[in-house]
Amino acid sequence: MSFLQSHLVNLVIFAPLLFAAIVAALPQTEKQQIRVATLFGMAATLLLSLWLYLGFEPNGPEFQFEYRARWIAALGISFHTGVDGLAVSLMMLTALLGPLVVLASWSFIEERVKEFHFALLFLQTAMLGAFASLDLILFYVFWEAMLIPMYFIIGVWGSEERVMAAVKFFLFTLIGSLVMLVAILALYFISQPAGARSFDYGQIYNSLLSATREVSSCARAGGVCSGLSPLARNLQTYGPWMFFAFALAFAVKVPMFPVHTWLPDAHVQAPAAGSIILAGVMLKMGTFGFWRYAIPLFPVAVRDLTPLLASLSIIGIVYGALMCLAQRDVKRLIAYSSVSHLGFCMLGMIAITEEGAAGSAYQMLNHGISTGALFLLFGMLYERRHARLIAEYGGIAKVMPVYSALFLIITFSSIAVPGTNGFVGEFLVLLGTFKSALPRFFGVLAALGVILGPAYMLWMVQRVFFGPLTHSENQRVRDLNLRELATALPLVALAILMGVLPQPFLSRLAPATKLFVARASLGANAASDDLRNLEMKVLDLPREAALSSRPSSATAADNPPTSHTRAFEPHR
Amino acid sequence: MLLSECLQHASLIDCLRQSPVDSESIAQMLWAIIALPLAGAFVSGVFGRMLGRANTNLIACAAVAGSFVLSLLAFWAVNDPRTALLSSFSQDPVRYAVAHDFGTWFAAGTFRVHFGLMVDHLSGVMILVVTGVGFLIHVYSTSYMGHDEGYGRYFAYLNLFIAMMLTLVLADSLPLLFVGWEGVGLCSYLLIGFWYEDAAKAWAGRKAFVVNRIGDLGFLIGMFLLALWVAAFQAQTNNAGGQGRALEQWRIGISQQGPLTFRGLEEAVRRIPPAAAQLRDAVSLDTSVVSGPLKGTTFGQVLLAVLLLFMLGAAGKSAQLPLYVWLPDAMAGPTPVSALIHAATMVTAGVYLFSRVGFLLVLEPTAMAVVALIGAATALYSAVIAFVQDDIKKVLAYSTISQLGFMFMGVGLAVFWAAILHLVTHAFFKACLFLGAGSVMHGNAEETNIKRLGGLRRQMPWTWATFAIATLAITGIVPLSGFFSKDAILHGVHGTDLQGYPWVSNTAWLIGLCAAFCTAFYMVRLYVLVFEGDRSPEARTAKAHESDWPMRLPMVVLAALSVLGVVYGIPLIAPASGGPAQTVMENYLSTVSAVPQQLARIHHTLRQGHESSLLVAWAQAWAIALAGGGLAGFLYLRYFPSRPKLQVPAFARALERWVRHGFYVDQLYYFAIVKPTEFLSYVLYKVVDSFIIDTLIVRGVAWITARSGAALRYLQTGNAQSYAAVMALALLCAAGYAVIQVLK
Amino acid sequence: MVPINNYLFLAALLFCVGMFGVMVRRNALVVFMCVELMLNAANLTFLAFARQRGDSVGHVSAFFVIAVAAAEAAIGLAIMIAVFRSRGTLNIEEIKTMKH
């Protein structure tokens with residue numbers, strides 16, 4: 001592996017941090033310099049991330065561009081990063097939104113500019129790191145690190161009740177994450193014997209494989225069995241609790257009903273940049289967490305809880321849409337529409353079919369683009385009028401035709417009109433739901449979102465853009481300037497491109513989708529799954545002598561004792 | 001081959017049938033038919049203001065004209081007897097069809113959709129109608145919208161609509177058809193609400209979109225169930241009955257092209273033996289699905305559900321009961337839009353859909369009965385409402401709904417060629433009527449109330465002539481194209497028998513005759529009130545002015561087509577297989593309807609035979625049309641004008657008000673569906689989200705934490721000695737515990 | 001030989017007196033003296049056991065205690081002087097800034 005192969009992911013993760021250090025060194029009064037430097041940093045990250053994305057081989061190994069270095073060896077924590085199909089797509093999304101966020105705040109943030117941009121860059125690093133980490137503690141570190149700059153962005157540069165919203169957001173997410181930490185520690189102790197423990201994701205997963213199969217065959221047989229190995233017995237007792245802990249943390253982030261109430265407040269009070277990042281990327285952390293950690297590690301618990309999770313997802317879809325109909329505040333409406341859209345994502349994952357999972361993964365990307373664009377566009381309007389209530393607008397299309405056209409296209413993407421990206425995602429999710437083992441009416445209820453979506457979005461569009469110009473203040477707003485147009489156009493273009501040519505994006509997601517479905521349905525039917533196909537093949541810990549990683553395949557004879565990839569072959 | 005060479009050994013007709021461009025090139029060029037209007041939309045929308053009105057008009061019209069030329073070439077290629085298409089689903093080539101697969105759209109798991117376009121006789125007719133009538137309406141719009149500032153936006157939307165409608169018609173698979181299906185709904189939304197500054201007009205657009213979406217929900221779920229059906233069929237069907245190689249080929253096709261292509265579905269259905277054959281181990285409609293999500297239901301039941309869901313979708317798009325409510329309000333849009341979208345093309349999508357999947361429809365008599373009865377009921381229902389409308393466009397809107405009901409009647413009873421013929425003729429005369437209405441509005445300062453018009457016969461001669469011809473066509477008072485197409489449906493419906501539902505065809509036929517009577521009545525009423533008699537004293541302008549040539553020419557062309565369309569409806573051709581003489585259209589579409597007819601025969605689902613002779617049917621229809629038209633003429637030319645102070649009884653006035661408001665169905669929907677949903681969302685928001693979750697639970701937890709903190713604060717007395725006392729106490733307890741442990 | 005219990009009782013008595021004084025007396029200097037009393041009581045216990053065991057572990061511990069007591073007295077008295085300078089009183093019940 002060349003230098004680039006092993007270090008590209010780290011470069012992508014830490015480039016924003018490097019530029020954050022540069023921004024910290026700039027004098028506070030040079031606002032334009034700070035903005036340019038941040039933009040530069042985000043653009044550099046974007047280029048690196050594009051390199052990563054294009055270099056990812058859809059038909060290659062599961063985790064590519066891996067890097068592993070010793071960190072806290074005594075506790076089994078290593079600095080292990082790598083990307084699979086979904087992670088690299090989400091990192092691309094994050095990197096794409098980075099420069100757009102800086103451009104969106106160009107004229108909006110005028111106070112404490114340096115701190116703001118520092119926070120943005122720091123946040124970028126944390127999010128990219130969370131997607132790319134393959135060690136549970138490293139993931140946790142990045143996960144928590146995301147909260148701090150977001151808290152400041154909402155709490156310092158937000159609207160009237162920003163402190164309340166920031167505190168609510170922080171505490172809500174933190175409670176979930178702390179429960180997840182307990183579960184991570186439990187996994188650490190349960191899954192591996194003493195002396196060979198580590199927090200490495202691949203290692204933990206491989207250790208649990210055969211135990212999971214035992215537990216699932218026991219569950220099929222009725223629930224009480226003898227002859228389980230001690231690991232399987234632990235898994236049977238504590239598995240549901242650990243899953244619940246992971247699920248709670250991710251459910252708060254998604255957000256799923258009923259732990260969703262932090263989102264409207266956070267979105268309403270946050271500045272435009274904060275909303276874009278929050279809706280565009282941070283909400284995907286929750287769904288990504290389910291995809292990567294919660295569901296594959298505990299497939300038996302997932303199967304037992306499928307009706308509950310599916311119901312919560314569908315409630316999210318329908319309830320979120322109904323909430324939107326009752327809103328008077330535009331940002332609150334878009335926030336609730338996020339709840340509705342991510343309900344689709346969750347449903348696609350719970351359905352555990354290839355179509356549903358592919359749709360869910362694609363919908364994660366779609367939602368980032370369309371809802372990010374919605375917040376971006378509305379932020380531009382807010383900058384002009386400083387009003388969020390629908391009643392304060394009306395007839396905007398007359399004075400801002402270009403803006404209205406872009407907003408309308410993004411609206412269509414949000415309501416899944418064919419030709420835009422939203423359609424492909426929703427179609428696959430609904431198809432997957434019908435193909436799954438869930439009862440028929442789940443699919444029908446979920447499809448109600450198809451009717452409710454246009455109901456609230458077009459209602460909002462009509463009240464804001466169409467109709468007569470009722471307020472005199474609205475008559476003087478100017479249409480988009482060049483910078484704003486340049487910020488919004490990439491997202492609009494992507495919305496259409498991803499709808500007409502989704503195959504390049506889907507092909508990168510396909511292998512990750514297949515593995516996800518295979519892992520999530522481990523033990524679902526009586527036929528024995530070949531555990532070798534499900535094992536995660538990751539890098540081993542590098543030897544003490546050399547500080548750089550050394551690739552070793554699973555068949556290398558000189559595996560250091562920390563590797564367990566050969567110890568759990570299916571024995572019968 | 002040059003014409004001269006050809007004439008040496010074949011007749012002129014046969015030589016003309018050979019297309020100049022070979023079918024392979026046509027197949028590869030099919031994307032251009034859609035791409036041209038799409039490019040026109042982009043250019044008009046983005047650069048319209050820069051290019052100026054004249055250039056934008058030119059580009060938009062040229063795009064559609066180019067599309068028309070290409071459609072003509074495709075049509076020509078499809079008529080060529082040499083054209084044959086190799087399908088991936090069967091060994092035999094498919095004749096009279098041209099298709100090309102332009103690559104994968106999206107694929108996940110076992111599901112895939114390709115960008116596949118296909119032209120056969122059915123879609124060939126449709127693309128000609130869409131691009132031809134579309135072009136005429138574009139020309140008309142250049143004058144009608146001549147004073148509107150938003151011309152760039154208008155032509156962008158109109159071109160986009162043409163592109164979407166062409167996608168719908170050219171698609172070779174259900175998902176791609178759905179793209180066009182929703183796309184035309186989108187354009188309809190944009191165009192109905194074109195004058196968005198009027199809140200009511202914008203609202204009408206939104207209503208159209210949301211009601212369409214309800215139908216689209218049915219379509220989507222139907223598609224999903226059908227995909228599951230194909231998967232179950234694939235898994236369960238075996239090679240019994242000597243179909244081994246054919247099934248093998250079909251399986252290959254499914255894996256390459258996805259489960260929802262029309263060709264694939266047709267081949268699948270052809271492999272189903274009739275239930276009576278009792279083939280062991282073969283999958284027939286009564287077989288149960290053994291595994292997967294559809295487990296427990298029979299193949300036939302699933303198919304029935306799919307077809308009923310498709311009917312829901314078609315009811316939304318084609319404005320049938322119960323989802324027709326958007327169409328009358330859609331008249332808020334510009335009149336050319338009403339002509340194109342809500343008369344000629346978009347609303348016919350449902351009829352086209354069922355003609356396309358005719359091979360599925362004929363397998364389920366229940367579905368056919370439902371479709372036919374909905375069509376018949378809608379035809380009569382909206383015809384009655386049209387009796388009392390005073391807005392010229394609303395009359396035409398309800399008339400469209402009624403005529404669509406006729407088409408669905410025909411489709412439901414598997415007289416596909418008659419429904420398509422009526423679709424074509426309806427496109428001609430209804431578009432002509434709408435354009436005429438637009439011309440009338442244009443010349444009378446946008447007056448739409450027919451009670452305030454009148455006497456336009458002499459003041460707007462061109463409009464009068466074309467409108468009159470179109471009225472004659474739709475009513476059938478003079479046997480023009482509309483007479484033959486409508487009668488073809490009625491005659492075919494009367495002669496078809498559905499297995500298990502013998503009463504359906506007669507019921508539909510009778511309702512159809514009543515609706516035909518009503519059609520004649522209200523159309524003649526409309527004509528008389530607008531064009532005959534004296535000019536109403538409440539008119540807005542003293543004199544009406546005739547429109548200029550871009551508006552007159554399309555009306556003339558459409559009126560001419562309404563007359564010439566007669567050719568397609570008269571039985572002239574003796575079919576090769578014997579039997580009664582066929583009309584040109586029936587013969588032409590037999591390439592497409594051969595498979596459904598064969599399936600209907602094999603599965604004994606319907607029997608088509610004509611009980612009464614065609615001439616008797618013609619006579620009946622003509623008599624009814626004359627009666628209806630005559631009654632209307634008498635009432636509005638003589639009876640009412642001679643009794644200006646006629647006292648109408650209160651009961652009649654109340655009845656008229658009830659009917660005029662569409663039986664208050666809109667209000668019913670509002671109170672039964674819209675208001676409860678809004679109320680539900682309000683209640684959920686205020687009670688569940690704001691109160692229970694946010695206030696009680698979230699803030700409640702925070703409050704509890706704060707209160708416990710406040711209570712525990714009192715432990716901090718600040719007095720060092722009290723702290724010391726606590727420590728001493730703890731030490732004492734610990735010492736006591738240690739002593740006890742030691743003594744044990 | 002004096003039985004060791006006598007020394008232990010004496011030390012316990014001294015400790016209790018000291019503890020009682022720490023908890024009850026109001027003057028900070030008196031509290032300090034009581035703390036010294038408690039420390040010396042501990043010293044006595046150490047020495048008694050050292051005498052009984054015969055080795056010098058207890059003596060070493062006693063030296064540690066004496067050193068710690070001295071350091072603590074020095075720092076504590078300095079704090080008292082600073083507190084008196086800023087508040088004018090050494091009454092512990094009036095020095096309650098850490099009260100909620």
#### Entry: Residues in residues 217-227 of chain B near chain A [non-hydrogen atoms, under 4.5 Å]
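From residues 217-227 of chain B, the residues near chain A are B:Leu217, B:Leu220, B:Ile221, B:Met223, B:Phe224, B:Leu225, B:Ala227.
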### Query
What residues of residues 697-705 of chain B sit under 4.5 Å from chain A when only non-hydrogen atoms are counted?
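Those residues of residues 697-705 of chain B which have a heavy atom under 4.5 Å from chain A are B:Val698, B:Arg699.
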Among [options], which residue forms the greatest number of heavy-atom pairs with chain B at distances under 4.5 Å?
options: A:Leu469, A:Leu509, A:Ile415; value: A:Ile415
options: A:Ser507, A:Gly419, A:Ala397; value: A:Ala397
options: A:Tyr319, A:Phe257, A:Phe172; value: A:Tyr319
options: A:Thr353, A:Val424, A:Thr261, A:Val259; value: A:Thr261
options: A:Arg463, A:Glu355, A:Glu354; value: A:Glu355

Among the options [options], pick out the one with the most heavy-atom pairs lying under 4.5 Å from chain A.
options: B:Asp216, B:Thr677, B:Val674, B:Val688; value: B:Val688
options: B:Thr110, B:Val46, B:Asp198, B:Val683; value: B:Thr110
options: B:Phe209, B:Phe115, B:Trp195; value: B:Phe209

Contacting moiety of [X], where chain B heavy atoms sit under 4.5 Å:
X: A:Val444; answer: both
X: A:Met457; answer: neither
X: A:Leu431; answer: both
X: A:Leu506; answer: side chain
X: A:Ser436; answer: backbone
X: A:Trp459; answer: both
X: A:Leu171; answer: neither
X: A:Phe427; answer: both
X: A:Tyr362; answer: neither
X: A:Lys514; answer: neither
X: A:Ala447; answer: both

Measure the [atom1]-[atom2] distance between [X] and [Y] for me, rounded to the nearest 0.5 Å.
X: B:Arg213; Y: A:Leu452; atom1: CZ; atom2: CG; value: 11.0 Å
X: B:Asn212; Y: A:Ile451; atom1: CG; atom2: CD1; value: 11.0 Å
X: B:Asp694; Y: A:Lys168; atom1: CG; atom2: NZ; value: 3.5 Å

Select one option (side chain, backbone, both, neither) describing which atoms of [X] are under 4.5 Å from chain A's heavy atoms.
X: B:Phe111; result: both
X: B:Thr167; result: neither
X: B:Leu680; result: side chain
X: B:Phe178; result: both
X: B:Trp203; result: both

### Message
Does B:Phe102, at its CZ atom, have more than 12 non-hydrogen atoms belonging to other residues, nucleotides or ligands within less than 6.0 Å?
### Response
yes
### Query
Is the number of heavy atoms from other residues, nucleotides or ligands within 6.0 Å of CZ (A:Arg440) greater than 12?
yes
Looking only at non-hydrogen atoms, find the nearest pair between [X] and [Y] and report the distance.
X: B:Tyr685; Y: A:Met323; answer: N-CE, 3.2 Å
X: B:Asp689; Y: A:His260; answer: OD1-NE2, 2.5 Å
X: B:Ser681; Y: A:Leu325; answer: OG-CB, 3.5 Å
X: A:Lys435; Y: B:Leu228; answer: CG-CD2, 3.3 Å

### Heavy-atom check, side chain of A:Phe434 versus side chain of B:Pro293, under 4.5 Å
no
### Task
Check whether any side-chain heavy atom of A:Val417 sits under 4.5 Å from a side-chain heavy atom of B:Tyr189, and report yes or no.
no
Give a yes or no on whether the backbone of [Y] and the side-chain of [X] come within a donor-acceptor separation of less than 3.5 Å.
X: A:Gln503; Y: B:Ala107; result: yes
X: B:Arg206; Y: A:Pro454; result: no
X: B:Trp105; Y: A:Gly499; result: yes

